[in-house]
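Report on the structure given below.
Throughout, protein chains are lettered first and strands after them, A, B, ... in sequence-line order, and every chain is numbered starting at 1. The figures that follow rest on heavy atoms only: side chains count, while hydrogens, waters and symmetry mates do not.
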Amino acid sequence: MSSKEQSAMASAGSSSSSTEISDSMLRRMAGQSVNKAGLKKDQSEINKIIAEASKGSKFYENEREKDEKLGIQIMKLLDKRDRLLKEGVDLRRLERECDTFIQRIESQRDLSQTIVHVDMDAFYANVELLADPTLEGIAFGVGTGVLTTASYEARAYGVRSGMPVFVAKKLCPHLRMVPATFNSYGEYSGKVMEVFRRFDPNMAKVGMDEAFLNLTTYIQEEREKDGTGQESENAMHKRRERIVRTIRETCKKVTGLTVSAGIAPNKMLAKICSDINKPNNQYILPFTRQAVLDFTRTLPIRKIPGIGRVSERCLEALGVITCGDIITKRAELHLLNYGVIELLKAGLGATSNVVEAGRREDRKSVGCERTFREKSKREELIAIVEDVAEELTETLQKLEYTGKTLSLKYKTHDFKLHTKSHTLQHGEYKTRDSIQTWALKALEESLPLKLRLLGLRVNQLRDLRKKGGLEQYFTNPSHSRKLHEDDEEAEGADFNNAIILDSDEDLEDSEAAETEQVERAINGSPFNDAITNAASSTAVPFASKQETETTHHPMISCPICSRTFPSSTTNQDLNAHIDVCLSKDTIQQLSSRRSSPILGSSESVSSTGEKSVGSKSANKRSRRDIPTNKEDEEDYDFLRPPTSRNHSTTSSSASVSPTVTSSGGSSNKKSKNVLMGTKEAPRNPFAFMKR
DNA sequence: GCGGATCAC
DNA sequence: TATGGTGATCCGC
Ligand SMILES: Nc1ccn([C@H]2C[C@H](O)[C@@H](COP(=O)(O)OP(=O)(O)OP(=O)(O)O)O2)c(=O)n1
Ligand SMILES: [Mg+2]
């Protein structure tokens, strides 16, 4: 049993070449393998060229070390699994427990929202193309030293984001490079977002070139305007496609840039779909449970946002390659305290469909870092820190934030990363001096170092544009500034008020309590003092409000079959119907191909004229009280038991958090991601999909 | 609160 | 010869 996985894990050297580059290293060095369309060469050949070009470098050595440690951690993970199984853990019980989770997830599945993920094609590259038409149709990359992105012509050679130029040129000798012009990307980003916002004023921007839109309201309004009543699923399907095509065309018309899109009932699926027909195209997933399950069953877990190279390898070692495997292996995942519930949600394609605009005060940090040729001379390093501190200060002031925590980041010549941070008890980081003073101190006490990167970052921010103090607590969320209403790029540095009070608390480690000064300056009026001081003492100024939204759910509909009901329907009736639907046995449908009423009519139909998306507030909860569960909405409650379970079975010996034991220095540290979890505490890499 | 680590863009 | 910058989150202490 374990022999099979053992071959799957680690390197299982199948490399036939004389050199000994393991499979895992080949894959590690090759970023995203776009295996999609016409690559000029075989992906495995490309991977070999990449690794070959890097071999021997410090970078490569560092990667190899990390790879080796990961292999060890994975082996420990498998050992732990085998040990628990040998000790007689009841897998079937775990499986039943997972089935309960699945039932709950299913009961909350919501197909009622039309979610779209829009993603600009080769964004930086296409912006450069607008400025320089001679780039049309040729292979080129954007950046210096490392590519931020590449034209699709270049991608055909295996050239990708994050790849160093010298490697890219090995893959594509005629590759042309153009330097990045970040300001222009910001400007175009602004224009693009403006277009998206026409279709969903609440659009959620994700980075400079992508966004989530909830088109449900737009669609509803359009239908009302048309006088169109309830539509067949087929008609809805076409309407969605048409509207998204319009969005993309408008974007192209207004900005000259092409965009791809994914249309699905929730964010994760929409995001995955936007990639399917890239570039300059779209993909829509039918809004039926069966279509979603068919889609996810064979979907590689690596496509799940949040599952990166490391998680992919860990899961692969457990035999989990596709989302369908998540279901199949659910008991083992549960046993190992992997974040089963989040994995199951992803595997079932039942994730968050809440789209809300980001807010300025949501920002958590502002930083600045610089890579340079190896340096170890004290004065040189000091000069760099001073330089970085100055730039960071300028950025902070322009953006109008201050922060309580400052961290210094440095990378040694052999690519090992480190950070040191300091949190002020009273004051705030705001001036160049307060920042630089601590940064230099931190650097000096680490000093004998040969470095290639230095950076500074301020955390625990306070938004100076937002009313400080307790009022935040009572102010209506809608009053908070949307992230787009200004901020970065475009826009000349609008001078800041006279907030320049300088509160160099930290200078002598004295931590003066000039917070008062700062606050006063910010709030301008002394009337605020009482509130302000109280707030700062309770850390409220930095608090962000809680949304506590459950999944979007404007109408009452069966979460399994989508059938809608009048809002007058009682919970009892609804639950009765849900039980019927669930009784079909979710698991079975997952593993069996079982065709289904595709976009057919059978579903949806009976709308009983329950229109009104407007009555949104109607039913906020999608799960109308399931079986016997506690009140908690918290997934982790289900994962708690694991620890006790694991050990209860084995009693003492279980060695609570054994395996890891830290082998010298930072070594074992793999603990990070799920697996290594010496203990329970499953990791939750899916913030993105979380409610 | 700190430091390491993973992930995304 | 040679491997970026910004920001977020999670985990174990
Ligand atoms: N490691 C990375 C990845 C991306 N970017 C920047 C450049 C990209 O143009 C932009 C958007 O990232 P995407 O992942 O969306 O990639 P592209 O838009 O370039 O290509 P596409 O979306 O068509 O795959 O972010 C970056 O600086 N560094
Ligand atoms: Mg893009």
What's [X] touching, base or sugar-phosphate or nothing? Going by heavy atoms closer than 4.0 Å.
X	value
G145(A)	nothing
K58(A)	nothing
M29(A)	base
R457(A)	base

Subject >> Under the side chain to side chain donor-acceptor pair (under 3.5 Å) test, residues paired with E444(A) that sit two or more places apart >> reply: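 Result, side chain to side chain donor-acceptor pair (under 3.5 Å) vs E444(A): R378(A).
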**OP:** Could I get the full list of side chain to side chain donor-acceptor pair (under 3.5 Å) partners for E61(A), not counting sequence neighbours?
**Re:**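 Expected list: R64(A).
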Subject >> Under 4.0 angstrom between T371(A) side-chain N/O and dG5(C) OP1 or OP2 >> reply: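 It does, given that an N or O in the side chain of T371(A) lies less than 4.0 Å from OP1 or OP2 of dG5(C).
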Original post:
Think H418(A) has a side-chain N or O under 4.0 angstrom from the OP1 or OP2 of dG4(B)?
Top reply: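 For H418(A), the contact criterion (side-chain N or O under 4.0 Å from OP1 or OP2 of dG4(B)) is met.
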The side chain of [X] lies closest to which of these nucleotides: [options]?
X	options	result
S365(A)	dG3(B), dT3(C), dA8(C)	dA8(C)
T419(A)	dG3(B), dC2(B), dT3(C)	dG3(B)
K364(A)	dT3(C), dA8(C), dA8(B)	dA8(C)
R363(A)	dC7(B), dA8(C), dG4(C)	dA8(C)
E210(A)	dT6(C), dC2(B), dC9(B)	dC9(B)
S421(A)	dG7(C), dG3(B), dT6(B)	dG3(B)
V310(A)	dT3(C), dG4(C), dT6(B)	dT6(B)
V146(A)	dC9(B), dC7(B), dT3(C)	dT3(C)

Original post:
Do K66(A) and E63(A) sit within salt-bridge range, that is, some charged N less than 4.0 Å from a carboxylate O?
Top reply: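 Answer for the salt bridge query: yes.
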Subject >> Salt-bridge criterion met for E428(A) and K404(A) (N-O under 4.0 Å) >> reply: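 Judged by the 4.0 Å cut-off on N to carboxylate O distance, E428(A) and K404(A) do not form a salt bridge.
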Original post:
What parts of residues 162-178 of chain A reach DNA chain C, counting only heavy atoms under 4.0 Å away?
Top reply: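 Result for residues 162-178 of chain A: G162(A), P164(A), F166(A), sorted by number.
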Original post:
Can a donor-acceptor pair be found between the side chains of E187(A) and N183(A) at a distance below 3.5 Å?
Top reply: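 Result is no, nothing qualifies.
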**OP:** Would you check if there is a donor-acceptor pair between the side chains of T181(A) and S184(A) at a distance under 3.5 Å?
**Re:**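 Indeed, the side chains of S184(A) and T181(A) share at least one donor-acceptor pair under 3.5 Å.
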Original post:
Can K169(A) be said to sit on top of F166(A)'s aromatic six-ring, NZ or CZ under 6.0 Å from centre and within 45° of the ring axis?
Top reply: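 That pair does not qualify as a cation-pi contact.
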